[in-house]
Amino acid sequence: LWSHFAASFYHPGPVPASWKPENEDIMWHEAIYGASPARYCAPCANYVPMRARHCYKCGTCLSRRDHHCIWINNCVGLRNHRAFILMMVYMGVGGCYAWIMFIIRFIEPFLRMKVSAEAVVLIFLLGLLSLIPVYFLQQLMPFHVKQLLLNCTAVELQYKDSAIVAAKMNKMEWHYPFDIGVVENVKSIFGEHFYLWMFPFRNSVGDGLRYPLNPNFSPDSTLVNKEL
């Protein structure tokens, strides 16, 4: 419940209304996106830093926006991504525990030969309900774990895969600019102190305006992705 409320009520990550790109921002923006010096959000009437995107449901631009989740009625962004992932982990653990208890409670009465038809129906329905979160999380968790380990948002992952395919077709070497290693990628969401990773605290890593870059990423690469 703590993780769910944290993911729901933490602000995903505001973009300062007064932010304007500096020379360094312009240089890296051109290198990474291969586009104009900076993106401009018309609805917010403000410049947009790297990895930020506008959410039309929230009505604002958000730092490192991943997606808008209907289950928390909030966007998943830089500041609440940690709580969102922990919410899925704990829901999965809780669902598996409920399913195991269902199996035990469902089999035990038959072994004792003391069970009513009403009890069988009730236990069976409760078991099915416990499978619902497990089923959906089984579909979602691999995708979100991949994002976490690669330091990608949902949109970035899609275009990253496209860029890799294009690089192979053109016999070029291309490195995803925000992949700074598995450990550092996880720390960028969960923080430096691993003993606190199990708690859905608000992510305070970074300012949401600039991000560490992959040392192997070459600004001179001709293979750039305007959608990252």
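What you are looking at is a predicted structure, and each value in this text was computed from that prediction instead of being measured.
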Pairwise salt bridge (Lys or Arg N to Asp or Glu O under 4.0 Å) hits with a residue in residues 182-192, at least two apart: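 Listed once each, the pairs are E184-K187, K187-E192.
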Pairs flagged by salt bridge (Lys or Arg N to Asp or Glu O under 4.0 Å) wherever residues 65-78 is involved - sequence neighbours left out: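 Qualifying pairs: none.
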Linked, directly or transitively: V182 and I180 (ILVMFWY side chains, under 4.5 Å):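 Result: no, two separate clusters.
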Cluster check L149, V76: I/L/V/M/F/W/Y, side chain < 4.5 angstrom: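 Yes, same cluster.
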Closest heavy-atom pair and its distance - [X], [Y]:
X: R53; Y: V155; result: NH2-CG1, 3.7 Å
X: A52; Y: V15; result: CB-CG2, 4.0 Å
X: S3; Y: Y90; result: OG-CD1, 3.4 Å
X: S188; Y: V205; result: O-CB, 3.8 Å

Which value, rounded to the nearest 0.5 Å, describes the distance between [X] atom [atom1] and [Y] atom [atom2]?
X: K57; Y: C69; atom1: NZ; atom2: SG; value: 9.5 Å
X: I189; Y: L78; atom1: CD1; atom2: CG; value: 6.0 Å
X: H68; Y: L62; atom1: NE2; atom2: CG; value: 10.0 Å
X: C44; Y: W19; atom1: SG; atom2: CH2; value: 13.0 Å

Residues that N46 engages under side-chain hydrogen bond (donor to acceptor under 3.5 Å, both in side chains), provided they are two or more places apart: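 Checked N46 against side-chain hydrogen bond (donor to acceptor under 3.5 Å, both in side chains); zero matches.
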Results of side-chain hydrogen bond (donor to acceptor under 3.5 Å, both in side chains) for R79 - residues two or more places apart only: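 By the side-chain hydrogen bond (donor to acceptor under 3.5 Å, both in side chains) rule, R79 matches no residue at all.
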side-chain contact (heavy atoms from CB on, under 4.5 Å) partners of [X], counting only residues at least two apart:
X: S8; answer: H4, I72
X: P43; answer: C41, H54, Y56
X: Y195; answer: H193
X: M141; answer: M88, V89, L137, V145

Are [X] and [Y] side-chain neighbours, meaning at least one heavy-atom pair lies under 4.5 Å?
X: R210; Y: M50; result: no
X: L150; Y: Y176; result: no
X: S63; Y: Y211; result: yes

F9 and F5 aromatic ring geometry - parallel, tilted or perpendicular at 30°/60° bounds: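 Plane angle under 30°, so parallel.
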Output a table of donor-acceptor pairs, distance under 3.5 Å, between side-chain atoms of residues 80-87 and any protein atom two or more places apart or on a different chain; print 'none' if there are none.
residue	atom	partner	partner atom	Å
N80	OD1	G77	N	2.7
N80	ND2	A7	O	3.0
N80	ND2	C75	O	2.8
H81	ND1	R64	NH1	3.1
R82	NE	F199	O	3.0
R82	NH1	F190	O	3.0
R82	NH2	L196	O	2.4
R82	NH2	F199	O	3.0

Side chain to side chain donor-acceptor pair (under 3.5 Å) partner of D179, chosen from N151, N185, N214: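 Only one option passes, and that is N185.
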Hydrophobic cluster (4.5 angstrom, side-chain heavy atoms) - remaining members for W71: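 Joined to W71, directly or through intermediates: I70.
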Heavy-atom neighbours of F143 CZ exceed 12 at 6.0 Å: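 Buried by this count: over 12 neighbours within 6.0 Å.
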Residue pairs fulfilling side-chain hydrogen bond (donor to acceptor under 3.5 Å, both in side chains) with at least one residue in residues 197-209, sequence neighbours excluded: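 Of all non-adjacent pairs touching residues 197-209, none passes side-chain hydrogen bond (donor to acceptor under 3.5 Å, both in side chains).
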Non-neighbouring partners of W2 that pass ring-ring contact (aromatic ring centres under 6.0 Å, His included), sequence neighbours left out: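 Applying ring-ring contact (aromatic ring centres under 6.0 Å, His included) to W2 gives F201.
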